[in-house]
Amino acid sequence: QVQLVESGGGVVQPGRSLRLSCAASEFTFRVYAMNWVRQAPGKGLEWVASVSSDGRKEFYADSVRGRFTISRDNSRNTLYLQIDSLRPDDTAVYYCARGSIRTACFDYWGQGTLVTVSS
Amino acid sequence: DIQMTQSPSTLSASIGDRVTISCRASQTISSWVAWYQQKPGKAPKLLIYKASSLESGVPSRFSGSGSGTEFTLNISSLQPDDVATYYCQQYNSESRTFGQGTRVETK
């Protein structure tokens, strides 16, 4: 059974940095594009970033470009999201999601990790 | 970026009713639309891809239609388990924007 487990969330002060991780298992991680999606409390889903299967191509939402960096380590089956200069409006549950090869949609999601930006 | 606008924001229907949710794209996106269901406290679940293709394991009461800029998600007969928020998402571009969501409740 495909598993995606996010970690690294917590309470962080504005202006600080944070790195989220997503550990993947039970599928061939290196052949799948991967994605981050966030959801602010009580709000809708916001696509944040995507990375190609080999890690060479990265794509970002305008709202995070320049502060967020998506990366992956295919030898460790792990996806990352580096968040710099955290702002209160970055407060959200961050989900990692697998990009389906068959449909190009997000077919498996993790349970999410909560990031709270507060002083 | 391509914007996705859903309507209505909230929908209240009786069990057994047919439910229709609309999604409009700010520019033409062919059939590159997906629909997701999200229940409170849970991760989203893929229902429909390429506008009208049913994801494996999803009940046949769910269906999707549309192309270009106008898309629709239908639930033929609302069930208690369908109470959730539904999101459309475009994947015509690498920027995978979501609609703002439609919350479906029962009367």
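Here the structure is a predicted model, which is why all the values come from computation and not from measurement. Note: hydrogens, waters and symmetry copies are ignored here, and every other heavy atom, side chains too, is used.
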Report the distance from atom OH of B:Y91 to atom OG1 of A:T103, rounding to the nearest 0.5 Å. 6.0 Å
For residues B:L54 and B:Y86: do they belong to one hydrophobic cluster (side chain heavy atoms under 4.5 Å, members Ile, Leu, Val, Met, Phe, Trp, Tyr)? yes
Cluster question for you: counting only ILVMFWY and a side-chain heavy-atom cut-off of under 4.5 Å, with indirect links fine, are A:V93 and B:F98 together? yes
Between A:C105 and B:A34, what is the shortest heavy-atom contact and its length? SG-CB, 3.6 Å
What one should report as the nearest heavy-atom pair of A:F106 and B:Q89 is CE1-NE2, 3.3 Å
Side-chain heavy atoms nearer than 4.5 Å, only ILVMFWY residues, links allowed to pass through others: does that put B:Y36 and B:M4 together? no
Assert top hit (heavy-atom pairs under 4.5 Å, partner chain A, pool B:K50, B:E55, B:R96) equals B:R96
Report, as yes or no, whether the 6.0 Å neighbourhood of atom CZ on B:R61 holds more than 12 heavy atoms from other residues, nucleotides or ligands. yes
For chain B, which residues of residues 44-72 of chain A have at least one non-hydrogen atom nearer than 4.5 Å to it? A:G44, A:L45, A:E46, A:W47, A:F59, A:D62
Turns out that what part of B:Y49 lies under 4.5 Å from chain A's heavy atoms comes down to both
Hey, any chance B:V33 and B:L73 share a hydrophobic cluster, counting ILVMFWY side chains that come within less than 4.5 Å of each other, even indirectly? yes
Most heavy-atom pairs under 4.5 Å with chain A, out of B:D1, B:T85, B:T97, belong to B:D1
Taking a hydrophobic cluster as the set of Ile, Leu, Val, Met, Phe, Trp and Tyr residues connected by side-chain heavy atoms closer than 4.5 Å, whether directly or through intermediates, do A:Y94 and A:W109 fall within one such cluster? no
Taking a cut-off of under 4.5 angstrom between non-hydrogen atoms, the residues of residues 5-29 of chain B near chain A are none
Which of residues 8-17 of chain A have a heavy atom under 4.5 Å from any heavy atom of chain B? none
Any idea which heavy atoms bring A:Y95 and B:Q38 closest together, and the distance? OH-NE2, 3.5 Å
Go through the structure and list residues passing side chain to side chain contact (heavy atoms under 4.5 Å, CB included) with A:D89, not counting sequence neighbours. A:R87
Which of B:S95, B:S53, B:G101 touches chain A most, by non-hydrogen pairs under 4.5 Å: B:S95
Which answer fits A:V37, side chain, backbone, both or neither, if we ask what part of it has an atom under 4.5 Å from a heavy atom of chain B? side chain
